[in-house]
Amino acid sequence: MKRIYIEEISQHKGEEVEIRGWVYNKRSSGKVRFLLVRDGTGLVQTTIFSQVKDHPLFQKFDELTQESSVIVQGQVIEDQRAPGGYEIMVRDLQIIHLAQNYPITPKDHSIPFLMNHRHLWLRSRKQQAILQVRWEIIRAIRDFFDGRNFRLIDAPILTPSACEGTTTLFETQYFDQKAYLSQSGQLYMEAAAMAFGKVYCFGPTFRAEKSKTRRHLIEFWMVEPEVAFATLEDIILIAEDLILFILERVLSRRRVELEILERDPSPLEKITRPFIRLTYEETVRILQSKGSKMAYGDDFGAPEETLLSQIYDQPVCITHFPAKIKAFYMQPDEKNPDLALGVDVMAPEGYGEIIGGGQRIHDLNLLEKRLAEFNLPREAYEWYLDLRRYGSVPHAGFGLGLERTVAWICKLKHIREAIPFPRLLYRIYP
RNA sequence: UCCGCGGUAGCUCAAUCGGCAGAGCGGGUGGCUGUUAACCACUAGGUUGCAGGUUCGAGUCCUGCCCGCGGAGCCA
């Protein structure tokens, strides 16, 4: 008896096989019983058919409840009436464990209820489809950078100081001193880029912001490439290539999942190079002409991001921000030092910023000046300043938020479904 | 932190002007020879978020608190 996974069933037509999984649903009609079994790779209908009313298999079937674990043996049959086109005629059915009152029934549930049962919600079809797309995106990101000979350099999670000095950090005890959970690996990637030329890190980051919106997580994953001898323009081209690479992968390998999610792939298929390029000033003017009340010098809010994606069906790269609203390490524009050589990439369909990055300051004096202007403790940045003392070069990089990318590609209403166990304001369970 | 909305059976919800707390799903029992979130019949299931107040009478009105959802701000 060969044990198979449901995703391989079409290769075993006519064979006797064994599947191990969980009861998704069951139906009965007199002398026929239908047991729908999922095993994490798919869903299959298994069928018990008998003239004998008290057939032992019927008795076992009748005991079964939703999400009970079972081992089913039987012959694979092609049948148009079965969901998926194949079913298994049950020869033997072994109950491993009877589940009692599984809470997530095949009917409607509220978000709070599902979030409280996230550990079980992961068994649902749509959640599985989302997490399969997430996995595909992660693989695409790794393949993209590995294929271009970027070196993977892991950034630390525990950091000694408030790196960017902007966002609120999670503080923790580090023996007899304070430490903080990383909000970005960037500064460490700059050190790594000076060691290895082109590098990336990919890991979790933490922001203690009291943000309560559909696009914020407290703990989220970010991929952060950093390239030595690179300019803003170089890094924009890499960002473009990366997004197109991810889209191509998901569209070619995860069609089924997008279908389960009822995600129309055509807006993703339309995305081509080059992306829309706008300066911050141009963007503000366009938004104002469309009715936005934002002023020059404001950051883009949620309404602005929505408005932008109503105008363009391509990702939009916004550059040349006022230096005041950007981080201290941003390289100023030669032509206008009040502008920073940063870039935000906005995803279409209202998903907003998925990438933030830019060219970093490589001049020691200028960086020292900026640290002072931003009131940052210089001692904490001595190592960072060292990078400008020993063979400093122009360099650039960006961070791509994984969950925002997943949410966009899956067209999720809320980012919380883009990560297996989301950490949100007011929610850390389960 | 601010604004708005909500909390009633395991789940999703209903309950008219303040007047007997109800339905569907899920559970249980029985029926049905191909079901597709199957269907049909019967059945069990309640501290109406917590505390106080008004009232002959409160799920419903008032006050405070707790929890959550949507959005804003902050942020990426």
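Every chain is numbered from 1 and lettered A, B, ... according to where its sequence line falls, protein lines coming before strand lines. As the structure is a prediction and not an experimental result, all values here were calculated from the model.
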Does NZ or CZ of Lys212(A) lie under 6.0 Å from the centre of the six-membered ring of Tyr426(A), at an angle within 45° of the ring axis?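 No - Lys212(A) does not lie over the ring of Tyr426(A) by the 6.0 Å and 45° rule.
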Cation-pi, Phe421(A) ring and Arg423(A) (6.0 angstrom, 45 degrees):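 Relative to the ring axis of Phe421(A), which defines the angle, Arg423(A) lies outside at least one limit.
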Whole angstrom value for the distance that separates [atom2] of [N] from [atom1] of [X]:
X: Ile428(A); N: rG68(B); atom1: CD1; atom2: C1'; result: 17 Å
X: Leu120(A); N: rG26(B); atom1: CG; atom2: P; result: 18 Å
X: Phe61(A); N: rU35(B); atom1: CZ; atom2: C1'; result: 9 Å
X: Arg27(A); N: rU33(B); atom1: CZ; atom2: P; result: 18 Å

Could you go through nucleotides 1-9 of chain B and list every protein N or O atom that sits under 3.5 Å from one of its N or O atoms, giving the distance for each pair?
none

For [X], answer base if it contacts any base atom (sugar-phosphate contacts may also be present), sugar-phosphate if it contacts only those atoms, and nothing otherwise; contact means non-hydrogen atoms under 4.0 Å.
X: Ser28(A); result: base
X: Glu87(A); result: base
X: Gln45(A); result: base
X: Phe113(A); result: sugar-phosphate
X: Arg416(A); result: sugar-phosphate
X: Phe220(A); result: base
X: His117(A); result: nothing

Is the Phe328(A)-Tyr381(A) ring centre distance short of 6.0 angstrom?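 Judged by ring-centre distance (under 6.0 Å), Phe328(A) and Tyr381(A) do meet the cut-off.
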Can you check whether Trp383(A) and Tyr188(A) have ring centres sitting under 6.0 Å from each other?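 Yes.
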Quick one: is rC32(B) close enough that its OP1 or OP2 comes under 4.0 Å of any side-chain N or O from Ser29(A)?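 Looking at the OP1 and OP2 atoms of rC32(B), neither is under 4.0 Å from any side-chain N or O of Ser29(A).
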Any side-chain N or O of Arg427(A) under 4.0 Å from OP1/OP2 of rC69(B)?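 Checking rC69(B) against Arg427(A), a side-chain N or O does come within under 4.0 Å of OP1 or OP2.
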If you measure from the P atom in rU47(B) to the same atom in rU63(B), how many Å do you get, rounded?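 After rounding to an integer number of Å, I get 27 Å for this pair.
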Only pairs under 3.5 Å count here: list side-chain donor-acceptor contacts from residues 29-42 of chain A, not counting sequence neighbours, and write none if there are none.
| residue | atom | partner | partner atom | Å |
| --- | --- | --- | --- | --- |
| Arg33(A) | NE | Asp62(A) | OD1 | 3.3 |
| Arg33(A) | NH1 | Gly30(A) | O | 2.5 |
| Arg38(A) | NE | Glu67(A) | OE2 | 3.0 |
| Arg38(A) | NH2 | Glu67(A) | OE1 | 2.8 |
| Asp39(A) | OD1 | Thr41(A) | N | 2.8 |
| Asp39(A) | OD1 | Thr41(A) | OG1 | 2.7 |
| Asp39(A) | OD1 | Gly42(A) | N | 3.3 |
| Asp39(A) | OD2 | Ile6(A) | N | 2.9 |
| Asp39(A) | OD2 | Thr41(A) | OG1 | 3.4 |
| Thr41(A) | OG1 | Ile6(A) | N | 3.2 |
| Thr41(A) | OG1 | Glu7(A) | N | 3.0 |

If you go through the side-chain atoms of Gln100(A), does one of them form a donor-acceptor pair with the base of rG10(B) closer than 3.5 Å?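 For Gln100(A), whose side chain was compared with the base of rG10(B), there is no donor-acceptor pair (under 3.5 Å).
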Residue pair Gln127(A) / Glu417(A), side-chain donor-acceptor N/O under 3.5 Å: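 Indeed, the side chains of Gln127(A) and Glu417(A) share at least one donor-acceptor pair under 3.5 Å.
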Given RNA chain B, 5'-ward residue of the pair Gln66(A) and Leu36(A), judged by closest heavy atom: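 On the 5' side of the pair lies Gln66(A).
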Check this for me, if you would: do Glu282(A) and Arg285(A) make a salt bridge, where the nitrogen-to-carboxylate-oxygen distance has to be below 4.0 angstrom?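 Here Glu282(A) does not pair with Arg285(A) in a salt bridge, since their nearest N and O are not under 4.0 Å apart.
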